[in-house]
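Keep in mind it's a predicted model, so treat the numbers as computed, not measured. The basis for the numbers below is simple: all heavy atoms, side chains too, and nothing from hydrogens, waters or symmetry mates.
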Number of protein chains: 2
Amino acid sequence: MKEWDRHNAISDFVRTSRKDSKMTQSELSDLTGVGLRFVRDLEQGKPNLMTDKVNQVLLFFGHQLTPTPISDETRRNMGE
Amino acid sequence: MKEWDRHNAISDFVRTSRKDSKMTQSELSDLTGVGLRFVRDLEQGKPNLMTDKVNQVLLFFGHQLTPTPISDETRRNMGE
DNA sequence: TTAAATTATACCCTAAAAGGTATAATTAAT
DNA sequence: ATTAATTATACCTTTTAGGGTATAATTTAA
């Protein structure tokens with residue numbers, strides 16, 4: 001099974017945004033309409049997520065998934 | 001069934017990048033390792049996609065999915 | 001230190017994504 | 001105008017994400 005990376009762009013963004021808003025995973029789950037389990041998978045870096053579920057959460061923070069150029073930093077961490 | 005939007009950020013990016021590279025959907029499918037059907041769903045704006053499949057294609061063009069602020073343009077088109 | 005709250009892990013089930021194939025439609029080439 | 005190539009649609013099957021629940025671990029508050 002592909003291993004999880006807690007520190008990818010999406011996981012980090014959601015975890016940080018949520019903490020900044022002083023919310024629990026459970027509250028974020030309620031407010032966004034996605035399952036609590038999904039919030040957890042998301043923050044822990046589950047590799048395979050459905051885009052519209054992710055967007056459902058990102059939208060709450062005024063963001064969305066878009067294609068962006070791969071940073072050097074990301075490229076460095078890719079083979080690990 | 002949620003209707004498809006051919007002109008979302010991801011679809012447009014992939015279709016444009018592919019055409020710029022003078023590739024067919026079939027070639028992109030072969031080169032990225034995702035199914036031909038997926039390339040089609042992707043370019044035609046299927047709403048629910050798996051992030052790692054999308055990234056598999058984006059990576060080929062040096063991009064990846066990341067959370068970005070929702071643009072005013074996007075916000076304007078949201079209710080439609 | 002204990003208790004309470006929050007987060008993480010494990011199980012099962014259902015719904016749907018992804019892929020294959022076949023066919024139709026559209027576009028490009030001759 | 002015909003033909004060939006590319007793209008789109010439809011049907012079916014397999015795989016797995018997401019959700020629910022229960023339990024364990026961790027963090028926070030008292």
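- A:Arg15 places its CZ atom 13 Å from the C1' atom of C:dA8, with the value rounded to the nearest Å.
- Note: CG (A:Leu28) to C1' (C:dA5) measures 17 Å, nearest angstrom.
- If you measure from atom CZ of B:Arg6 to atom P of C:dT26, you get 11 Å, rounded to the nearest angstrom.
- Contact record, A:Glu3 with A:Pro47: O-CG, 4.3 Å, taken as the closest heavy-atom pair.
- Ring geometry for A:Phe13 against A:His63 counts as tilted: the plane angle lies between 30° and 60°, on a 0 to 90° scale.
- Distance B:Lys22 NZ to C:dA29 C1': 15 Å, rounded to the nearest Å.
- Set against D:dT7, D:dA8, C:dT7, the side chain of B:Gln44 has D:dA8 as its closest nucleotide.
- Annotation: side chain of B:Lys46 is not in contact with side chain of B:Arg40 (no heavy-atom distance under 4.5 Å).
- Classification of B:Arg18 and B:Glu43 as a salt-bridged pair holds, one side-chain N sitting under 4.0 Å from a carboxylate O.
- Taking 4.5 Å as the limit, every side-chain heavy atom of B:Met50 sits out of range of all side-chain heavy atoms of A:Thr51.
- Residues from residues 55-67 of chain A lying near DNA chain D, meaning a heavy-atom separation below 4.0 Å, are absent.
- Considering only heavy atoms from C-beta on, A:His7 comes within 4.5 Å of A:Asp5 through its side chain.
- Cluster membership for B:Phe60 and B:Leu42, using ILVMFWY side-chain heavy atoms within less than 4.5 angstrom, is shared.
- With hydrogens and angles left out, the side-chain atoms of A:Ser17 and A:Asp20 include no donor and acceptor closer than 3.5 Å.
- Distance, B:Asp30 CG to C:dG19 C1': 14 Å, rounded to whole Å.
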*Taking protein heavy atoms under 4.0 Å as touching, what does nucleotides 14-30 of chain D look like 5' to 3' if B marks base contact, S marks sugar-phosphate-only contact and - marks none?*
---SSBBB---------

